[in-house]
Protein chains: 2
Amino acid sequence: MTEPSGRRERKKAATRRKIADTALRLFLERGYDEVGIRDIAAEADVAVTTVFSHFASKEALVFEQDSNFEENLRGAVEGREPAEPLIPALRGEIQALVRHCTADSVAPVWRMIDGSPALREYEESMRLRHAESLAAAMAADPGLGRTPTACRAIARFVVDAYSVAREAADPEAAVDEVFRMIEAAWAAASPAVSR
Amino acid sequence: MTEPSGRRERKKAATRRKIADTALRLFLERGYDEVGIRDIAAEADVAVTTVFSHFASKEALVFEQDSNFEENLRGAVEGREPAEPLIPALRGEIQALVRHCTADSVAPVWRMIDGSPALREYEESMRLRHAESLAAAMAADPGLGRTPTACRAIARFVVDAYSVAREAADPEAAVDEVFRMIEAAWAAASPAVSR
DNA sequence: CGATTAAAAGCTAACTGTTAGCTTTTGGTA
DNA sequence: TACCAAAAGCTAACAGTTAGCTTTTAATCG
């Protein structure tokens, strides 16, 4: 009931990392579709059920290392200076996330994701959950003065910016371009503008 | 090699409809997750492989009757009067689609969809394909004068409007609200505004 | 220390959507 | 009539995922 001294948690984390690392290595070596869960379990020397006790699905293994999108976006809303405007804060965060996922060091992973319909679909569905979480954070800030519907819309637009930018020739320029549009949409959602 | 007299096509269509009808009935009776493909095949008196030769997946059985979202949106872009502005045309189309799916006659189906994570995920992923198709139609219209990135962003925003409206208390009002934002975003994407 | 507890990992066996490979039926055509 | 190709069927399997139960092991307590 008291504080665990940590060995258990360390071992658990080690198992988790071993599984994720093994999976990613195999995926990159042979291709996502060519590697089965049973292959991963065997190579990581764990049982299949252990894989699923750490990861909810095969796809989740790939996005394990994904810097946490959701928390960063929430943080950009909740942790900003009193007078700091919302949209530029979100733009900065999306810009950082786009830069992070276009870095050379993770390029092979993203090439793999782009090459697999299952992974693309999983990612979009994940981003949608992130958008809902972002919308909730925005709706919880009374200083913004927008309707819940407007918050949900803008939250989706922000996630769209990420997706559109990722497949654009110049991702960072695309983020700026889409955010000029989002800025205008946000202004139009102001109560003062609605009549 | 010449014109088939039609019996074959009629029989094929009949099989398809029988499968879709049986599936929908079972889903509504017992719940989506409680009905397996093997159940549907048995009840429709066809082989499992026949089900999959007509429908790509279990989820696709549910969206069979969905009025074709994709074509309607493309049509709103391609088939409008020379001087008719784009965004209001799209708003009208989305308005019609939202009205259609909130009608009482299809309410149980949408309640089922909303109750199943698998179906919600499938729908969003389907809408995303629709958005890509819409973006292509927009990008193909030289009169619009917007970048491909802006077209992709607006296409996603339009599909977002549909999704946000569907879960709003007053769906039709939500469509109008989100489209005021989209109108502003579209204006901000005009080359004249970019500097 | 030794006994105990609960988390973590393991094993087996299944279930479910989906597909491959091959055979049979059947509508349309020469 | 004979033939072709589309449609449907059958069997068996594969892959992701889960349920149920047992074994191991880190942490706690008498």
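Any value given below was found using the heavy atoms of this structure, including those in side chains, with hydrogens, waters and symmetry copies removed.
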Original post:
Would one find a side-chain N or O of B/R7 under 4.0 angstrom from OP1 or OP2 of C/dG28?
Top reply: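 It does, given that an N or O in the side chain of B/R7 lies less than 4.0 Å from OP1 or OP2 of C/dG28.
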
**OP:** Give a yes/no on whether any side-chain N or O of B/H54 is located under 4.0 angstrom from OP1 or OP2 of D/dA7.
**Re:**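 Indeed not, no polar side-chain atom of B/H54 lies that close.
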
Original post:
Should A/E29 and A/R25 count as an ion pair when the cut-off is N to O under 4.0 Å?
Top reply: yes

Measure [atom1]/[X] against [atom2]/[N] and give the value in whole Å, please.
X: B/F55; N: C/dG17; atom1: CZ; atom2: P; answer: 15 Å
X: A/I40; N: D/dA15; atom1: CD1; atom2: P; answer: 12 Å
X: B/R8; N: D/dA8; atom1: CZ; atom2: C1'; answer: 11 Å
X: A/E9; N: D/dT25; atom1: CD; atom2: P; answer: 19 Å
X: A/F27; N: D/dG16; atom1: CZ; atom2: C1'; answer: 12 Å
X: A/R16; N: C/dA7; atom1: CZ; atom2: C1'; answer: 16 Å
X: A/D33; N: D/dC14; atom1: CG; atom2: C1'; answer: 13 Å
X: A/R10; N: C/dA8; atom1: CZ; atom2: P; answer: 14 Å

Original post:
Do the side-chain N and O atoms of B/S125 and A/E124 include a donor-acceptor pair separated by under 3.5 angstrom?
Top reply: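 A/E124 and B/S125 do not have a side-chain donor-acceptor pair below 3.5 Å.
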
Subject >> Short side-chain donor-acceptor distance under 3.5 Å, B/T22 and B/E43 >> reply: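 The criterion, which ignores hydrogens and geometry beyond distance, is not satisfied for B/T22 and B/E43.
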
**OP:** Evaluate whether atom CD of B/E84 has more than 12 neighbouring non-hydrogen atoms of other residues, nucleotides or ligands under 6.0 angstrom away.
**Re:** yes

**OP:** Please determine which of B/V164, B/V178, B/V159 meets the side chain to side chain contact (heavy atoms under 4.5 Å, CB included) test together with A/R156.
**Re:** B/V164

Subject >> B/D66: which of B/E123, B/H100, B/M126 passes side chain to side chain contact (heavy atoms under 4.5 Å, CB included) >> reply: B/M126

**OP:** Quickly, which of A/F69, A/F63, A/Y162 forms a ring-ring contact (aromatic ring centres under 6.0 Å, His included) with A/H130? Name it, please.
**Re:** A/F69

Original post:
If you check the B/T50 side chain, which of C/dA8, D/dA8, C/dG10 turns out closest?
Top reply: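 From the listed options, D/dA8 comes nearest.
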
Original post:
Out of C/dA9, C/dG27, D/dA26, which has the shortest distance to the side chain of B/K11?
Top reply: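 It is C/dG27.
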
Original post:
Heavy atoms under 4.0 Å, any strand shown: does A/V35 hit a base, just sugar-phosphate, or nothing?
Top reply: sugar-phosphate

Original post:
For B/D39, which contact category applies under a 4.0 Å heavy-atom criterion: base, sugar-phosphate, or nothing?
Top reply: nothing

Write out a two-atom table: protein N or O, nucleotide N or O from nucleotides 17-19 of chain D, distance below 3.5 Å.
| residue | atom | partner | partner atom | Å |
| --- | --- | --- | --- | --- |
| D/dT17 | OP2 | A/K58 | N | 2.8 |
| D/dT17 | O4 | A/R38 | NH2 | 3.2 |

